[in-house]
Structures are given as structure tokens and as C-alpha cells.
Amino acid sequence: MIHKLFENPKNFLFKNLFKIYHGEIFLFLNAQEFSESLVFELENNLIQEFGRGFALSEFFISQEDHFQKLSLIRKKLYNSTNWIRLAKNFLLNLGFEHKLWMFDYPRIRAIVTEKNRSPLAEPAYYIHRDTWYGNSESQINFWIPLCDIYELNGFAFYLEYFNKPILNDSQMFNYSRWKVEGGYQSQSINKIFPKSLIPISQKETTVFECPRGAVLVFSGSHLHRTLPNWTYQTR
């Protein structure tokens, strides 16, 4: 179940961890005051590399240049103490005591228009759980969009499968090898992306809409997938 909330998320999430770990999803539609520092920092870096029309730049430069520019931004931010500080403050402002939690660097995802048509990009759209990538069972995801999200550019959950075993090939995933080959953002053709091995009806998908800067919170155990982007601007 996705709870669409307009209330202030401060302390709410900490008090509702039990529900998150049992499959409930919270979408805070008016959480921009909590996410604005992270959004502002990332947008400034996007503008520096692509210009103010960064969401449309995929149509004016080559795919390779687009990928390389995003890679430069990722590398710059992942080595930035300010980026880490902003992530830490984001969680502290939500009421998470820093001595009780570990957090990953905020990951930057970019889904370009109709990329799903490329065979090389197919793994990015696999139905999966984050835990199949070796992630902790205790993982909680905070997802913040830089643009308005709806069915044509978002992602989908398969809520009925939260507590159901799913036949998958995650036994082939090797995290050490994954890191050597560049992780999520490398273009290596040898990487193993874990995926569901059983057919799952698209009728069972749950999609959502949310505005720029909203905060979506869900367990890393949720079965989900990225949807194709049909909006003609980068998500």
C-alpha cells in the first residue's frame, strides 16, 4: 500500500519503521523543505555540465557524451564532503539519529527517453528487489525526483509480492566482481543484473504520481522495476 501524505515527515518515519519493514510505502508530497538542499546541489551540477536545459540535453549531444557528463557529476559528488553532509542532514532533519544508522551516498539515476528500446539498457528495466544485489535486509530507500513523476516516466511496484518468494538468478550476482566492473553506472556487458525468472503480469503493477522534490520511502525488499520514459525529457 502506498500512503500519500501531505503531513510533515519529521519523526513520522522513525515512528513507523515497523510498517515500512512490513511493506507499506510512504509518499510525502509536501516534503520539499527536507529535500531542497540535495535537489539544489544536484541541479547546480547538472547545469554546470549540461546547461539550464539539462532535461532536454539528451537530444542535442551524443549518448556517449551524455553518459560521460553524468559520470563526471557522479564522481564529483561522490567525492564531495558537502554531498555527504547534505545526505546526513536530510536524515537528521527527518528525525533519524545519526548514531543508529548507516547511509549510502545518494545515488543519481537518469532515465532517458525510450532507452528501453536499446538491448544494452534492458537490465535497467528488470523486475527486481534491491536485496538481490547484496543490499541489507534492513535497507530503507528514500527516492526524490528532480521532475514531476507519473505513469509515463516513473517506476512500478509489485505490492502483492512483498512477502512472496520469487524465483530469481541472484545466486549469480557477485558483489566484488560488480565493483571491479564499475557498479551500476558502468557500460560493461559482462555484469550480472539479478532479475525475476517467473512471468509477472503487468496488471499487478502499482504506479504513482508525485511532484518534484517529494520524498518516497520504501523497503529495499520491495519488488519493483523502472518504467520506460516516454516524456521526451530525461527523468
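All of these numbers come straight from a predicted model, not from anything done at the bench. The basis for the numbers below is simple: all heavy atoms, side chains too, and nothing from hydrogens, waters or symmetry mates.
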Looking at every non-hydrogen atom in both residues, tell me the closest pair between Gln32 and Leu29 and how far apart they are. NE2-O, 3.2 Å
Kindly indicate whether the side chain of Met1, heavy atoms from C-beta on, has any atom under 4.5 Å from the side chain of Phe157. no
Heavy-atom pair of closest approach, residues Ala156 and Thr205: CB-CB, 4.0 Å
When rounded to the nearest 0.5 angstrom, what is the spacing between CG in Leu70 and CD1 in Ile108? 8.0 Å
Run the ring pair (Phe, Tyr, Trp, His ring centres under 6.0 Å) test on Phe26 and Phe12 for me, step by step, so that the C-alpha distance in whole Å, both residues' side-chain angles and the decisive distance to 0.1 Å come before the verdict. CA-CA 10 Å; Phe26 295 95; Phe12 177 92; 5.4 Å; yes
Closest contact, heavy atoms only, Ser57 versus Phe50: OG-CD2, 3.2 Å
Student check: side-chain heavy atoms of Asn30 and Glu7 closer than 4.5 Å: no
Take Arg212 and Glu43 through the salt bridge (Lys or Arg N to Asp or Glu O under 4.0 Å) test and state the conclusion after the steps. CA-CA 12 Å; Arg212 172 185 179 276; Glu43 284 190 337; 2.8 Å; yes
ring-ring contact (aromatic ring centres under 6.0 Å, His included) involving Phe173 - partner list, sequence neighbours excluded: Tyr133, Trp178
Asn153 and Ile111: side-chain contact (heavy atoms from CB on, under 4.5 Å), yes or no, with the steps? CA-CA 8 Å; Asn153 67 345; Ile111 306 299; over 6 Å; no
Can you sort out the partners of Tyr158 under ring-ring contact (aromatic ring centres under 6.0 Å, His included), two or more places apart, ordered by chain and number? none
Can you tell me how far apart CG (Leu72) and CG (Asn45) are? Round to the nearest 0.5 Å. 10.5 Å
Gln233 vs Phe59, side-chain contact (heavy atoms from CB on, under 4.5 Å): CA-CA, chis, key distance, verdict: CA-CA 9 Å; Gln233 61 178 351; Phe59 299 107; 5.5 Å; no
For Pro165 and Asn163, work out which heavy atoms get closest and say how close. CD-O, 3.9 Å
Should the pair Glu181-Lys191 be classified as a salt bridge under the 4.0 Å nitrogen-to-oxygen rule? no
State, to 0.1 Å, how close Asp148 and Pro211 come at their nearest heavy-atom pair, and which atoms those are. OD1-CA, 3.4 Å
Any side-chain heavy-atom pair of Tyr150 and Val207 under 4.5 Å: no
Could you measure the distance from the CG atom of Leu152 to the OG1 atom of Thr231? Nearest 0.5 Å is fine. 7.5 Å
Apply the test side-chain contact (heavy atoms from CB on, under 4.5 Å) to residues Phe90 and Phe142: give CA-CA distance (whole Å), side-chain angles for both, the deciding distance (0.1 Å), then the verdict. CA-CA 10 Å; Phe90 169 78; Phe142 295 84; 3.8 Å; yes
Distance-minimising heavy-atom pair for Ser35 and Val215: CB-CG2, 4.2 Å
Going by the angle between their ring planes, with limits at 30° and 60°, are Phe218 and His224 parallel, tilted or perpendicular? perpendicular
Kindly compute the distance separating CD1 (Ile73) from CD (Gln68), expressed to the nearest 0.5 Å. 12.0 Å
Would Thr234 and His66 satisfy side-chain contact (heavy atoms from CB on, under 4.5 Å), going step by step from the backbone distance to the final call? CA-CA 11 Å; Thr234 306; His66 194 269; 4.0 Å; yes
